[in-house]
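Written out below as structure tokens is the structure these notes cover.
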There are 2 protein chains.
Amino acid sequence: MSYATKHIADALKAARESKGLSQRALSAKSGVPQGHISKIENGAVDLRLSSLIELARSLGLELVLAPRNALPAVKSVLRGAGNEISIRPAYSLDEDDHG
Amino acid sequence: MSYATKHIADALKAARESKGLSQRALSAKSGVPQGHISKIENGAVDLRLSSLIELARSLGLELVLAPRNALPAVKSVLRGAGNEISIRPAYSLDEDDHG
DNA sequence: GCATTTGATCCGTTAAAATATATCATGACA
DNA sequence: TGTCATGATATATTTTAACGGATCAAATGC
């Protein structure tokens with residue numbers, strides 16, 4: 001698979017693990033079969049947009065189409081969002097998104 | 001077709017038009033058949049990730065996976081990227097302008 | 001009036017995603 | 001030792017994106 005699709009796959013896997021979800025748990029949440037999630041995370045499939053969005057949503061992620069020249073700024077913002085955990089008090093390390 | 005996929009489709013179409021490209025021109029650039037581009041822009045197909053990336057790249061766009069709670073900040077940055085035109089001197093309104 | 005461009009649509013074929021279901025190896029753990 | 005959860009695979013089937021290529025209607029231009 002192409003370099004870009006692999007990047008997305010890695011991001012999905014990292015997001016899942018950071019939430020402490022197993023592939024089967026994510027499967028239950030998203031409706032995507034566990035076996036298929038495994039293939040997706042390993043870049044073994046060229047998944048459809050609807051699958052990607054569904055999976056991303058289940059992980060509290062959104063797909064954004066950004067101009068290439070705006071990427072550095074976007075990444076900078078996302079770095080900040082990632083570090084948000086360190087800003088939070090330790091006693092509220094739970095789930096931050098929707099229900 | 002889901003609300004989210006439609007959003008992506010619209011973004012692709014807007015990006016293409018803002019570059020003054022016809023569907024056939026984009027087809028030549030990206031390798032994706034014109035008929036298929038039409039379907040994609042109308043949300044008539046659930047396209048594959050590789051197709052989306054290929055098309056986006058041909059339009060100078062990149063796919064980003066962002067935490068939902070970081071979306072406002074990201075959008076704010078992208079708004080700035082869009083306004084980049086106004087920062088540029090008028091005599092260099094070349095490729096990435098908006099009509 | 002005729003030719004060109006554009007986006008939308010159709011047909012037939014092929015490749016592959018998505019699915020359900022089951023299995024396997026590994027590691028954790030009581 | 002046996003059980004359980006995990007991720008990776010296997011098989012078989014259905015669905016459908018992607019493709020080439022043609023066509024069409026509506027603008028646009030000569």
Side-chain angles (χ1 to χ4, degrees), chain A residues 1-65 93-95, chain B residues 1-65 93-99:
Chain A
M1 266 311 115
S2 78
Y3 149 79
T5 58
K6 177 72 177 164
H7 175 64
I8 298 284
D10 287 346
L12 285 177
K13 177 169 188 171
R16 177 180 62 80
E17 289 178 340
S18 85
K19 296 202 124 201
L21 290 174
S22 69
Q23 288 182 350
R24 280 182 176 81
L26 179 57
S27 172
K29 250 186 114 147
S30 64
V32 179
Q34 176 267 326
H36 199 226
I37 292 180
S38 173
K39 284 198 242 172
I40 290 173
E41 289 187 351
N42 286 319
V45 290
D46 186 6
L47 76 166
R48 293 185 197 165
L49 180 54
S50 64
S51 299
L52 173 58
I53 291 178
E54 202 163 8
L55 229 44
R57 286 247 168 116
S58 300
L59 292 168
L61 300 176
E62 283 291 326
L63 213 53
V64 177
L65 222 40
L93 282 176
D94 50 347
E95 300 302 309
Chain B
M1 186 90 343
S2 81
Y3 146 80
T5 57
K6 177 70 177 167
H7 175 64
I8 298 284
D10 287 346
L12 285 178
K13 176 168 189 172
R16 177 180 62 81
E17 290 178 339
S18 84
K19 297 202 123 199
L21 290 174
S22 69
Q23 287 183 350
R24 279 180 176 81
L26 179 58
S27 173
K29 250 187 117 158
S30 64
V32 178
Q34 177 268 325
H36 199 225
I37 293 179
S38 173
K39 284 198 241 173
I40 290 172
E41 289 187 351
N42 287 318
V45 290
D46 186 6
L47 76 166
R48 293 184 199 167
L49 180 54
S50 63
S51 299
L52 173 58
I53 291 178
E54 201 162 9
L55 227 46
R57 289 241 167 124
S58 301
L59 292 169
L61 300 176
E62 282 292 326
L63 212 53
V64 177
L65 220 41
L93 282 176
D94 46 353
E95 57 166 38
D96 53 9
D97 82 308
H98 168 11

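Numbers restart at 1 for each chain; the letters A, B, ... are given by sequence-line order, proteins then strands.
Here the side chain of B:Asp46 pairs no donor or acceptor atom with the backbone of A:Arg48 at under 3.5 angstrom.
Every side-chain contact (heavy atoms from CB on, under 4.5 Å) that A:Ser30 has, sequence neighbours left out, goes to A:Leu26, A:Val32, A:Ile37, A:Leu55, A:Ser58. Listed by chain and number, the residues in a side-chain contact (heavy atoms from CB on, under 4.5 Å) with B:Ala25 are B:Leu21, B:Ser22 (sequence neighbours excluded). Remark: B:Gln23 pairs with B:Gln34, B:Glu41 by the side chain to side chain donor-acceptor pair (under 3.5 Å) rule, at least two apart or across chains. Not counting sequence neighbours, B:Arg24 has no partner by the side chain to side chain donor-acceptor pair (under 3.5 Å) test. Scanning for side-chain contact (heavy atoms from CB on, under 4.5 Å) contacts around B:Ala15 gives B:Leu59, B:Leu61, with sequence neighbours left out.
Whole-Å rounding puts the B:Asn42 CG to C:dC10 C1' distance at 15 Å.
Taking every heavy atom of both residues into account, A:Leu65 and B:Ala56 meet most closely at CD1-CB, 4.2 Å. When every heavy atom of A:Val45 is checked against every heavy atom of A:Ile40, the shortest pair comes out as CG2-CG1, 3.5 Å.
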When you check every protein heavy atom under 4.0 Å of nucleotides 18-27 of chain C, what one-letter string (B, S, -) results, 5' to 3'? SBS--B----
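Within the 4.5 Å cutoff, the side chain of A:Thr5 has no heavy atoms near those of the A:Leu47 side chain.
At the heavy-atom level, A:Ser38 lies under 4.0 Å from base atoms of the strands shown.
Bending across the helix from C:dG1-D:dC30 to C:dA30-D:dT1, expressed as the angle between its end axes from five pairs apiece, amounts to 30° (10° rounding).
Taken from CG in B:Leu49 to CG in B:Leu63, the straight-line distance is 6.5 Å, to the nearest 0.5 Å.
The footprint of chain B on DNA chain D, defined by a heavy-atom cutoff below 4.0 Å, extends from D:dA17 to D:dT23.
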